[in-house]
Amino acid sequence: MITIQFPDNTIKKFPKGTTALDIAKDISEGLARNILAAKINGVITDVKKPLKSDQKIDLELLTWKDDGGKSTMWHSSAHLLAEAIQHYYPSAKFAIGPPVENGFYYDIEFPKDISFSSEDFLKIEKKILELAREKNEYILTEISKKDAISYFKKKENNYKLELLEDLKDGDITFYQQGGFIDLCKGPHIPNTSFIKAVKLINVAGAYWKGDEKNKQLTRIYGITFPKQKELTEYLIKLEEAKKRDHRKIGKNMSLFMFSNKVGQGLPLWLPKGAYLRNKLIDFMQNTQLNFGYLPVITPHIGSKDLYVCSGHYEKYGEDSFQPIKTPNVNEEFFLKPMNCPHHCEIYKSEPRSYKDLPLRFAEFGTVYRYEQSGELHGLTRVRGFTQDDAHIFVTPDQVQDEFEAVIDLVLYVLKAMGFKDYIVQISLRDKNNKEKYIGSEANWELAEKSIIQSAKNKKLTPIIEYGEAAFYGPKLDFMIKDAIGRKWQLGTIQVDYNLPERFNLEYKGSDDKMHQPVMIHRAPFGSLERFIALLIEHTSGQFPLWLTPEQIIILPISKKYNEYCRKLLNSLKNYDIRGHVDDRNETTGKKIRDAEMNKIPYMLIIGEKEVKEELMSVREHGGNNLGAMSTTQLTTLIKSKISKELGKE
RNA sequence: GCUGACGUAGCUCAGGGGUAGAGCACUUCCUUGGUAAGGAAGAGGUCGGGAGUUCAAAUCUCCUCGUUAGCUCCA
């Protein structure tokens, strides 16, 4: 007998060789019908795998409700997609086909004369459903490396052969469903009939093993569901998400624009967007004053020597905007791609003592980077953007405390902006690829350790990514997802031992000797452009009251009250309340509708009654009627709401 | 940069070898209004740009610019 422990800690005994499917049947027929995979001692496996341990086994039966169930089904769906593709394109070569966060993909090399596009989706989707209905089992076969190699040699599939190179003989398994056989470690769902609805999402190029030196394959993304209804709901959700897209809202609300004539990836801020942006800058400047930062301002260009010194020229010079040349030969300037070298020069402008440190230079520095054209995206990736940048110069033993103080600042900012779901990521070196980085081994070790320790002290739960560090040092990033689930880096904190060395930065220690400071680069917003993009998507353009360009709109019932309304607006302006009078020749219903569409928080409706009583009828965005209020009541309402938003209450 | 898709009025989009259409926005007039669209009339586009095929191109082909989904990259 074997002892099985379920997630609710109940324990049952079953004969050896029992499968997860048998156990599901034992619990209920319904469960047996819905089980997709099993988690055995934390490892997801096929439900038909016999259990044969003498030890107690932790068993979790996975259905569509579980992430593990979903990913297993999507993995199996990828195989089904491949089978459908194989049906129409027998000579297509299959590379890899894993499940992803929302569905799955398969990377395929099509014959040279075939151009696969989204127009082919329909026939493939139909075929997938047709194959799914055949209720073919996913059959596992163990195979020797030799046989596996000869199988794929016959198929002339170099991708699988390359994958086989890294596999050990004895560990190699094939899965077959219907007429499709794939090299695969599994697990898979019991049979294809669980797949009841399919949607191919998009097709795109993807380099083999993610390396642009390799051949580009055709990647087909898809998603499947056990019920048609769930697919429909998913597609509706996608549509909803698209409505929150900052590019769409930015256009509708006239926040920003792009112009081909100005150039790709160079945003133009329209009055309302510029208002928003200035408000954010005000907020950050005030916050930073409280955290002990000193403002500095540096120019938009810097001489080539500056970047040769910093190491950026060697690393990025070729891929930057080309240098600006002066009439004097041999004089070259670059648009500044970052602010740190300028700040290093400010540091060097006078002798520093350990008593001066930490020294925090902050600047809203606009920088320019030549991003690849395919990578440009709305405001989230642009070629000219403004960082809420600062560089902090500390003694080595201040690194830890200062790093933690910066974490506090970033958390404060995220809270004030209403961001709750963020991912904390620590990016370290790829230890197998050290030539990508500059600086000494000892410094890297030290920097990586102190970041990990800071995160721990601040009770963050970071994910750790190797190989994602900046070339000069490790970093801790705060990432937020956009409307369609892509992760973007907003706030960033980076430790850097290298620039101080390159710029020969020094301070005099208490021992009367010269020492080298450590630099911390940090930007709580990251860039204003990207931050505002994410803010738009998270609020659907319904910004916090303190930030929104228009807090109120005054709606005269008829033009008889226009003059009165203009006076009212002026008196509200004295209380720092901003907005305008809608004196268009329109009905009140129309004015209200437009104000609703423009997401203006408060509508002040003024007619005969209000003029007589010196009150205003206040309607909140969304339709809530707050009734008649005096100017004092309204200003109190707005002020208290703003205090609450900024966490001052 | 690479692969696929897309580019028609200010916006959202329809059309598609015989030289353009809707809704909203805009302008003017009528209406002077009470909590999500009052009515009428008008103005707006060499269909992203260039070349080719054709008697004829917004429509087909090629090139180019831009947008977009991914891949790669991201100081």
Side-chain angles (χ1 to χ4, degrees), chain A residues 100 105 107 110 115-121 201-221 245 247-248 251-252 254 257-261 263-265 307 310-317 319-320 336-341 367-378 380-383 387 389 438 468-473 475 484 486 488-489 492 494 496 498-499 521 555-562 584-597 603-610 617-627:
Chain A
V100 288
Y105 66 80
D107 282 349
F110 281 94
S115 167
F116 188 85
S117 81
S118 49
E119 284 180 19
D120 301 304
F121 282 177
I201 301 294
N202 66 44
V203 50
Y207 300 103
W208 169 239
K209 293 198 167 170
D211 188 337
E212 62 181 324
K213 287 183 207 86
N214 289 336
K215 191 172 169 64
Q216 192 169 52
L217 305 169
T218 303
R219 175 172 296 180
I220 303 172
Y221 283 89
D245 193 310
R247 294 165 298 186
K248 196 177 173 78
K251 199 180 250 179
N252 286 345
S254 303
M257 61 170 281
F258 291 88
S259 149
N260 296 348
K261 225 170 207 155
Q264 269 191 302
Y307 302 110
S310 72
H312 291 102
Y313 179 78
E314 190 192 351
K315 186 84 185 167
Y316 294 103
D319 302 320
S320 306
K336 80 173 165 187
M338 82 300 298
N339 306 297
C340 25
V367 298
Y368 299 89
R369 297 176 186 175
Y370 187 80
E371 303 289 1
Q372 291 187 68
S373 65
E375 190 52 40
L376 298 173
H377 179 91
T380 49
R381 173 134 311 126
V382 286
R383 284 180 175 163
Q387 297 175 310
D389 208 2
I438 59 174
E468 291 293 312
F471 75 94
Y472 52 73
K475 56 183 183 168
I484 55 175
R486 286 177 296 209
W488 295 97
Q489 174 206 308
T492 181
Q494 313 178 353
D496 181 358
N498 298 301
L499 275 186
H521 307 238
L555 310 181
I557 294 281
S558 110
K559 70 179 171 197
K560 278 185 276 186
Y561 314 113
N562 283 357
R584 294 175 305 161
N585 183 13
E586 294 290 355
T587 58
T588 307
K590 173 69 170 158
K591 289 179 184 179
I592 288 170
R593 178 180 156 82
D594 287 347
E596 286 288 348
M597 303 288 277
M603 286 157 241
L604 315 179
I605 297 157
I606 306 295
E608 189 184 352
K609 197 168 129 230
E610 286 76 13
S617 175
V618 182
R619 176 191 160 115
E620 259 183 324
H621 171 71
N624 198 10
N625 194 340
L626 301 183

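So you know, we letter chains A, B, ... as the sequences are listed, proteins then strands, and number each from 1. All of these numbers come straight from a predicted model, not from anything done at the bench.
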What is the nucleic acid contact for [X], judged by heavy atoms within less than 4.0 Å: base, sugar-phosphate only, or nothing?
X	value
A:Lys591	nothing
A:Gly607	base
A:Glu610	base
A:Ser117	sugar-phosphate

[M] and [N], which share atom name [atom1], separated by this distance in whole Å:
N	M	atom1	value
B:A41	B:U35	C1'	30 Å
B:A43	B:A5	P	40 Å
B:A22	B:C47	C1'	15 Å
B:A9	B:A20	P	15 Å
B:C2	B:U64	P	9 Å
B:U19	B:A56	C1'	9 Å

Practice problem: Please determine, for the side chain of A:Lys560, which listed nucleotide (B:G34, B:G33, B:A69) has the closest atom? | Solution: B:G33
Rounded to the nearest angstrom, tell me the gap between atom [atom1] in [X] and atom [atom2] in [N].
X	N	atom1	atom2	result
A:Arg593	B:C24	CZ	C1'	9 Å
A:Arg369	B:G1	CZ	P	19 Å
A:Asn585	B:C26	CG	C1'	14 Å
A:Lys261	B:G49	NZ	C1'	12 Å
A:Ile605	B:G33	CD1	C1'	12 Å

Is there a Watson-Crick or G-U wobble partner for [N] with both distances under 3.5 Å, and if so, which one is it?
N	value
B:U19	none
B:G4	B:U68
B:U46	none
B:A36	none
B:A57	none

Quiz prompt | Chi-based syn or anti call at B:G44, which uses purine or pyrimidine torsion atoms and a 90° bound | solution =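 Syn conformation for B:G44.
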Quiz item: Between A:Phe471 and A:His312, what is the ring plane arrangement, given parallel below 30°, perpendicular above 60°, and tilted in between?
Solution: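 Because their plane-to-plane angle is over 60°, the rings of A:Phe471 and A:His312 count as perpendicular.
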Quiz item: A:Met338 or A:Asn260: which one's nearest nucleotide on RNA chain B is closer to the 5' end?
Solution: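 Looking at the nearest nucleotide for each, A:Asn260 comes out on the 5' side.
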Quiz item: Considering heavy-atom distances to RNA chain B, does A:Ala470 or A:Gly263 have its closest nucleotide positioned more toward the 5' end?
Solution: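 Per heavy-atom nearest nucleotide, the more 5' residue is A:Gly263.
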Quiz prompt | Aromatic ring of A:Phe471 stacked on base six-ring of B:A75, 5.5 Å, 30° | solution =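 Whether judged by distance or by angle, A:Phe471 falls short somewhere, so it does not stack on the base of B:A75.
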Exercise. Can you check whether any acceptor in the base of B:G70 is under 3.5 Å from a donor in the side chain of A:Tyr207, or vice versa?
Key: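 Between B:G70 and A:Tyr207, which were checked side chain against base, a qualifying N/O pair under 3.5 Å is absent.
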Quiz item: Under 4.0 Å between a side-chain N/O of A:Arg619 and OP1 or OP2 of B:G34, yes or no?
Solution: no
